[in-house]
Chemist: 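Before anything else, here's the structure in question.
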Amino acid sequence: MATPSLLLLLADGRFPAGAHAHSGGLEAAVAAGRVTDLASLEAFLAGRLATAGLVGAAFAAAAHRAAVAETADPAESVARSGALARLDAELDARTAAPALRAVSRRQGRALLRAGRAIWSDAPFADLPATPGGAHQPLVLGLLCAAAGLSRAETATIAAYGTLTGTASAGVRLLGLDPYQVQALLVGLADACDGTAADAARAADDPPERLPAAAAPLADIHAEIHATWEVRLFAS
């Protein structure tokens, strides 16, 4: 059984998975003049939570379900591999922007390196052998299962992660008061918990019925951001 410390460890932005290098699309939104102050940052975070946060948390919870599910198949890893491959394909279909697909797989590789170093007996070999590696939410689901966390805790970490890195980037990009930004995150805590709960429940559905909330403007910003020669964040 996992301890509360493990939950905090995996939710910590300092966990060595490279999350600190990403702004979650905020850098491009700031450059476009769409996020300029605390109020517009709050709206950006709420929108991100309702789209990328919900989708990522649902897929992380579904991957956790696949990792811990009992199966009658004697070749358990074969069944798990098939489930994870379906999840990877469905998440790929929900990620319209090539730049965001690349970012998700890049973050998945970074998280996988950390996971293999800490939980070497986890079934990471069952992740799909897709070019670029598996999507980050799938790796997170397996990692949280290996740590003994619940499906709900997995969804919470995923949803929380879509907020904190972007909020921190807002301090750097806009010169905002970090105390006010933290107060903003406190104000979004209930929404984050609600999103995580919705995602954990959705994980019982087949992959094709998992949430597919989209943010077309974020996709456009991601493609534009990928063309910049000079940028502060990787995405």
Side-chain angles (χ1 to χ4, degrees), residues 1-20 22 24 48-49 52-71 76-77 79-81 83-88 90-91 104-105 107-128 133-167 185-186 188-207 210-211:
M1 182 175 179
T3 67
S5 294
L6 280 174
L7 174 63
L8 294 173
L9 173 70
L10 294 177
D12 194 332
R14 291 167 294 186
F15 190 78
H20 65 280
H22 297 267
R48 180 165 167 75
L49 180 63
L54 175 62
V55 173
F59 274 83
H64 180 283
R65 178 173 179 252
V68 301
E70 294 292 337
T71 175
E76 184 175 333
S77 67
R80 185 185 297 116
S81 295
L84 292 171
R86 288 179 64 198
L87 288 170
D88 194 80
E90 289 292 336
L91 184 51
S104 179
R105 295 190 185 282
Q107 290 185 310
R109 293 195 303 271
L111 185 59
L112 184 57
R113 286 196 296 271
R116 281 175 168 159
I118 302 169
W119 289 283
S120 58
D121 58 344
F124 295 125
D126 294 334
L127 286 165
H135 282 293
Q136 190 268 358
L138 274 63
V139 180
L140 178 63
L142 264 64
L143 192 152
C144 288
L149 297 176
S150 69
R151 187 197 307 184
E153 289 170 330
T154 300
T156 299
I157 291 172
Y160 176 76
T162 64
L163 293 177
T164 54
T166 302
L185 289 174
V186 170
L188 289 170
D190 286 345
C192 184
D193 289 342
T195 297
D198 290 343
R201 285 191 295 269
D204 284 323
D205 293 334
L210 290 175

Chemist: How about R14 and H20: does a side-chain donor come under 3.5 Å of a side-chain acceptor?
Modeler: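 On atom types as modelled, these side chains do not qualify, holding no pair under 3.5 Å.
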Chemist: Between D88 and R105, does any side-chain N to carboxylate O distance fall below 4.0 Å?
Modeler: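 Salt bridge between D88 and R105, a charged N being under 4.0 Å from a carboxylate O: yes.
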Chemist: Looking only at non-hydrogen atoms, find the nearest pair between P206 and R86 and report the distance.
Modeler: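 The answer is CB-NH2, 4.3 Å.
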Chemist: Side chains of S150 and C144: does their closest heavy-atom pair fall under 4.5 Å?
Modeler: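 When only atoms from C-beta onward are counted, C144 and S150 do not touch, as no gap falls below 4.5 Å.
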Chemist: Determine the minimum heavy-atom distance between G141 and A63, stating which atoms define it.
Modeler: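 Heavy atoms only, the tightest pair is CA-CB, 4.0 Å.
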Chemist: Pick out which of L54, L163, T166 makes a side chain to side chain contact (heavy atoms under 4.5 Å, CB included) with L49.
Modeler: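 Of all the options given, the one that passes is L163.
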Chemist: Minimum heavy-atom separation for L84 and A66, please, with both atom names.
Modeler: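 Shortest heavy-atom separation between L84 and A66 comes out as CD2-CB, 4.3 Å.
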Chemist: Would you indicate whether the side-chain heavy atoms of L149 and I157 approach each other to under 4.5 Å?
Modeler: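 Heavy-atom side-chain distance check passes, below 4.5 Å.
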Chemist: Under 3.5 Å, side chain of S120 to main-chain N/O of R116, donor-acceptor pair present?
Modeler: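 It does not hold such a pair.
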Chemist: Rounded to the nearest 0.5 Å, what separates atom NE2 in H135 from atom CG in L91?
Modeler: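 Rounded to the nearest 0.5 Å, the NE2-CG separation comes to 4.5 Å.
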Chemist: Taking only Lys NZ, Arg NE, NH1 and NH2, and the carboxylate oxygens of Asp or Glu, determine whether D204 and R151 approach each other closer than 4.0 Å.
Modeler: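 Salt bridge: yes.
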Chemist: Say you draw a straight line from CD of Q107 to CG of L140; how long is it, rounded to the nearest 0.5 Å?
Modeler: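 The CG atom of L140 is 11.0 Å from CD of Q107, to the nearest 0.5 Å.
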Chemist: What heavy-atom pair brings A147 and W119 nearest, and what distance separates the two atoms?
Modeler: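 So the minimum-distance heavy-atom pair works out to CB-CZ2, 3.5 Å.
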Chemist: Go through the steps to decide whether L87 and L210 satisfy the test side-chain contact (heavy atoms from CB on, under 4.5 Å), and finish with yes or no.
Modeler: CA-CA 9 Å; L87 288 170; L210 290 175; 3.6 Å; yes
Chemist: Taking all heavy atoms of V139 and all of G108, pick out the closest pair and write down the distance.
Modeler: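 In terms of heavy atoms, the two residues are closest at CG2-O, 3.7 Å.
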Chemist: Tell me, with the steps shown, if T154 and L10 meet side-chain contact (heavy atoms from CB on, under 4.5 Å).
Modeler: CA-CA 9 Å; T154 300; L10 294 177; over 6 Å; no
Chemist: When rounded to the nearest 0.5 angstrom, what distance separates CD in Q136 from CZ in R109?
Modeler: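 Nearest 0.5 Å value for the CD-CZ distance: 12.5 Å.
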Chemist: For R48 and T162, indicate whether the former's side chain and the latter's backbone hold a donor-acceptor pair under 3.5 Å.
Modeler: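 Answer holds: yes.
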Chemist: Quick one: closest heavy-atom pair of A61 and A199, and the distance?
Modeler: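 Heavy atoms of A61 and A199 come nearest at CB-O, 4.1 Å.
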